Structures are given as structure tokens and as C-alpha cells.
Amino acid sequence: FRTKGQAIWDDNGKPLRMAGSLSDISKRKAVEEELLAAKEKAETMAVELLKANETAQAARSEAEHATKMKTEFLANMSHEIRTPMNGVMGMTSLLLESELTPAQRERLDIIRMSGEALLEIINDILDISKIEAGKMTLEPIPFNLQDTMVETVELLTSRCSDKNIEMALRYAPNTPEFMVGDQGRIRQILINLVGNAIKFTDSGHVFVSCSYIHENTNSTTSDGDECVMKGLLFEVTDTGIGIPEEAQKRLFDKFMQADASTTRKYGGTGLGLAICHRLVEMMDGKIGIKSKEGEGSTFWFTIPLPLSDAVEETGAKEWEYDVRNVRVLVVDKFAINSQITKEYIENNNMRCDVATSNDEAIRLLEEAQKSGDAYAVAMLNHKIPNMDARILAKTIKNNKEIKDTILIMTTTNGLRGDAKEIKEQGFSGYLVRPFHSRVILDSITCLLAAKRDGRDLPLVTRYTVSDSSIIEKRNNF
């Protein structure tokens, strides 16, 4: 209880009475005691939490150290495994070049394919281990990006041939060629994305493109976040199985594939896309996917590579010809190929039309000849609907009105055979896709100059024109 009292006095200073009060403060005291107890408990909990944090920090440091040691171990072991595997693969290749019975060759082929699959897994483990250990470094050098893309896609074209699907490569006009960057890592990303596209596509096509984004463009990253893209944009589009929306966000995680059935049917470690993701991030880029299940996918990545001050110089050519306004006919059943070829031709100030069948090609050639504005060159795809390009070439050469048209055969799959035979069938040039945009210009220029000068050239290929065409001059870096 709390007591309170006082005396009351009159005006003369004499006491009149006493006044006071008695209050029950039991509840307040109880609250104060509860607060005090709570304070003591909170202080005790704070001390315990501090100890728990210290313990957790120590455990985290220990786990990080263990992870680092594990990663370094995997990196070292992967390297140690890869070295003898390269020896196995090398000796297998040498054996395959020797005289073998059919049974021996079949068994060695199985060893080679199994070794390649194992080596791919080892390389993936080595790369992801080096990245996690912080040992992956980039080696920027000046290089020609278009050449790199052509060479990379060319390496994988045979896989498309084996599955009877089309492969197309587009290097957009006004996209710089000479860049500074890690050429090997860019090639690694492309090989992974294009290889996956081929793996998961059973019919249709795989389309690889590179363009330059001059203005900021909004897009969505692999994590589903909005981002702004600027710089080089690479896209790999396929008509394959597609990826469910719920699987897309985790697709770039380690050891992840769309579902378990994907691993069983197509194989793989699920590390490739994770490695691509990390490499693109190391280059200050972004990576993402656009896909719909059953309708194919487009994987894209963008990286801000600086331009190189390397230059192209035109060497001393054996031919010169003004191709401006020259008329070219492209005969191709595959729309993407014909569009790319048309774009390359028109970008060099020539005129171009497209025919998708032999009948349409003959009709356009005859109409152009009668109008006085004939096609100087016709580029025929080896696979034309209802007619082989060689038969169409024979038809053209047997037609006195259009027989003077210069014919170039194009194909995605290199044909085994005698160049002399192709030449005798009426073709003056033979180009295998993917080809550099300048190869078309140089081939047409060479053939038109030879026709003007009355020279009979051997079959013109990209190797023919590369010997005396554009010479790349690089500064010392």
C-alpha cells in the first residue's frame, strides 16, 4: 500500500485537522516485477543469441572452408582425370586411322564416343569447380567475332545432318566484327547452347544469330528479373521440345534439367547452362530464355564487348568488279536460309529475289531475261523441293535464254565428291553453310570478273576466295 497525509492549518496557524489517503498499488508492483523479470530474461536471451551467432559464424566459416577445399579437390581431380583421358582419346583416334576389321572399327567407335561423353562431363565438372573456387579468369584478346561464330557453328553442323535438321547462322548487318574479349569462353557458351538446341530438336531447324543493340532494350533474365540489354545480342532458336514455364527459372542452376525424363532420354550433367550463366555474368552480361513447351526455345545472352582497333584491308585481288545493282536469284526451300542470304546480298548493294521451287526459279529467270533485266547469278540450294539442284542446273544450262546465268550451289551438308563433276554439271561456285557474309560478295565478284574477262576458273569455294580476298591486319597488342 501507499500512504499519503498532511495537516490543515487555519489563518492563525493553528491545526484544524489531518487529511490523508491510502492506495492499493499491488497491481502496479506486480507489473513492475514482471517488467523487471522480462528485462532480465531478455538480457539472458541476448547473451544466448550472441553465443548462438558466434557458433553459427564459426560453423559457416568451417562450411565455407570445407566447400572451398571440396571445390579445389574436384578441380584438381578433374584435371588429373582429363589428362589420361586425352591420352586414351588420342590413341583411339590413331587406331581408327589404321587398318581395322569392321568389328574392330565398331568397337573403337564405341570407345571414342564413350570417351567423348566422359570427357565432356569431366570438362563441365572442371569448369564449374574452377568458377566456384574463384580460379576461372577471362583472357580478353582482339578477335573477329563473325569468323568465330562461323567456325563454331560449322563444328556442330554435322550433328544437324545426322538428325536431318537445318542449321542457319545470321550475322546481322552493321554488327561490328572486330571485338576484344575472351574468344574461347564465348565459343564455349555458343557450343553449349547450340549443342543443346540440336540435342532437343528432332525436326525443323536450329537458328543462331548475332546482332548489335545500340539502344537500351528491356528484357527478362534467366531469374525472371527485368533487365536492360545493350551490346552484342546472341540468340539460339530451335523448334525442339520446349521447356515448361515452371522449369525455366531453375534451368540455370547446377545439376538442373527440365525434369528427370530429360536426363534419361538425352543425357547430360545439367552443368552446361549453369556454366554459361556464370561465364556470362563474369563478362558483365545477361542470359535468359524464351520458351513454350512443345514449340521450341530461344536462349539468348548479351555481353558488352569493347570494339577492337584491328582493321580489315583489301589485299591485292586478282579480280575487280562493281557489283552494285547486280541481280541475284536465290533458290532455297528453307525460308530462314533464303532470308539470311538475301540480307547479305542486299547489304552489298545488289538486288535479290527468292524462289522456293524449281518451277518458280525457271519462271523468274525467263521473265527477267525477257524484260532485259536478267539475273547475273543464281544461288541454288542443294535440296530444292521436287528437284535436285544438279538437275535444275542442267535445266538452266540447256535453256538457251538463261544458260549464261552464273550458278552457285549452296548446301548445309558438305557433299563428298569430285569438284570437277560439280563443275561439269554447270556450277561455277560451291559454298557450304555457314559462310561468312563477305564470302558471298567475294564469290560473286570473282565469278563476274572472270566472266567479263573470259577466264575459266576452277570451282570457286570459300577457300578459293579467302586466299586472295580480304586480308585481316591486326595491330600489335
Side-chain angles (χ1 to χ4, degrees), residues 143-161 165-178 187 190-191 194 198 205-211 234 236 312 314 317 319 323 326 328-350 352 354 377-384 389 406-417 419 422-423 427-448 457-472:
F143 70 103
N144 187 306
L145 180 58
Q146 184 170 184
D147 285 348
T148 299
M149 293 196 67
V150 169
E151 293 163 2
T152 301
V153 172
E154 187 177 22
L155 287 173
L156 301 169
T157 300
S158 61
R159 298 190 194 177
C160 287
S161 303
I165 59 178
E166 291 284 349
M167 169 76 84
L169 169 64
R170 174 181 181 260
Y171 199 85
N174 303 319
T175 299
E177 288 190 46
F178 287 95
R187 181 185 287 115
L190 287 170
I191 287 176
V194 177
I198 297 171
H205 66 266
V206 174
F207 177 40
V208 185
S209 71
C210 178
S211 57
F234 301 82
V236 179
E312 285 183 335
T314 303
K317 290 185 178 181
W319 58 83
V323 298
V326 165
V328 181
L329 178 65
V330 173
V331 187
D332 200 324
K333 69 171 183 177
F334 185 35
I336 293 178
N337 271 343
S338 60
Q339 290 168 8
I340 294 170
T341 306
K342 187 174 189 291
E343 183 178 66
Y344 287 169
I345 291 171
E346 292 180 341
N347 194 50
N348 285 296
N349 300 313
M350 292 179 274
C352 182
V354 175
V377 179
M379 301 181 68
L380 315 182
N381 189 347
H382 173 59
K383 294 180 179 179
I384 303 173
I406 295 173
L407 302 182
I408 299 175
M409 178 188 285
T410 63
T411 180
T412 303
N413 310 322
L415 301 177
R416 295 181 180 274
I422 297 175
K423 176 79 171 174
F427 291 98
S428 302
Y430 174 65
L431 301 178
V432 180
R433 291 189 176 88
F435 40 68
H436 198 291
S437 58
R438 67 171 175 253
V439 168
I440 293 180
L441 172 63
D442 290 342
S443 299
I444 293 175
T445 301
C446 170
L447 291 169
L448 288 173
L457 296 177
L459 189 70
V460 172
T461 67
R462 61 178 174 176
Y463 303 108
T464 305
V465 296
S466 65
D467 289 339
S468 54
S469 176
I470 295 175
I471 301 173
E472 295 178 5

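What you see is a predicted model, and the numbers here were worked out from it, not measured in a lab.
The side-chain heavy atoms of T411 and Y430, taken from C-beta on, include a pair separated by under 4.5 Å. Inter-residue side-chain proximity for V206 and M167 is flagged as met; some heavy-atom pair is nearer than 4.5 Å. Side-chain contact check for T152 versus I191: some heavy-atom pair is nearer than 4.5 Å. Side-chain atoms of V328 and I444, non-hydrogen and from C-beta on, do get closer than 4.5 Å to each other. Contact check for E166 versus K333: side-chain heavy atoms found under the 4.5 Å cut-off. In this structure, T175 and Q146 have side chains that are not in contact, with every pair of non-hydrogen atoms separated by 4.5 Å or more. Side-chain contact between R433 and L169 is absent, with no heavy-atom pair separated by less than 4.5 Å. Side-chain contact between N348 and R438 is absent, with no heavy-atom pair separated by less than 4.5 Å.
The two residues N337 and D332 make their nearest non-hydrogen contact at CB-OD2, 3.4 Å. In this structure, V330 and C352 approach most closely via the heavy-atom pair CG2-SG, 3.6 Å. In terms of heavy-atom proximity, E154 sits nearest to Y463 at OE2-OH, 4.1 Å. Between A168 and I340 the shortest heavy-atom distance is CB-CD1, 4.0 Å. Minimum interatomic distance between L459 and F427 (heavy atoms only, all atoms of both residues): CD1-O, 3.6 Å. Considering every non-hydrogen atom in both F435 and Y344, the closest pair reads O-CE1, 4.2 Å.
To the nearest 0.5 Å, atoms CE (M149) and OH (Y171) are separated by 7.5 Å. Rounding to the nearest 0.5 Å places OG of S443 at 5.5 Å from CD1 of I408. Interatomic distance, L380 CG to T410 OG1, rounded to the nearest 0.5 Å: 7.5 Å. Rounding to the nearest 0.5 Å places CZ of R170 at 11.0 Å from OG of S437. Rounded to the nearest 0.5 angstrom, I165 CD1 and R159 CZ are separated by 11.0 Å. A distance of 5.5 Å separates CG of L431 from CE of M379, quoted to the nearest 0.5 Å.
Judged purely by atom type and a 3.5 angstrom limit, S338 uses its side chain to pair as donor or acceptor with the backbone of A335.
For the side chain to side chain contact (heavy atoms under 4.5 Å, CB included) with V153, the qualifying choice from L155, T157, V150 is T157, the only one to do so. Shown are V377, L447, V460; of these, the side chain to side chain contact (heavy atoms under 4.5 Å, CB included) with S428 is made only by L447.
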Residue pair L145, F234: steps toward the side chain to side chain contact (heavy atoms under 4.5 Å, CB included) verdict: CA-CA 11 Å; L145 180 58; F234 301 82; 4.0 Å; yes

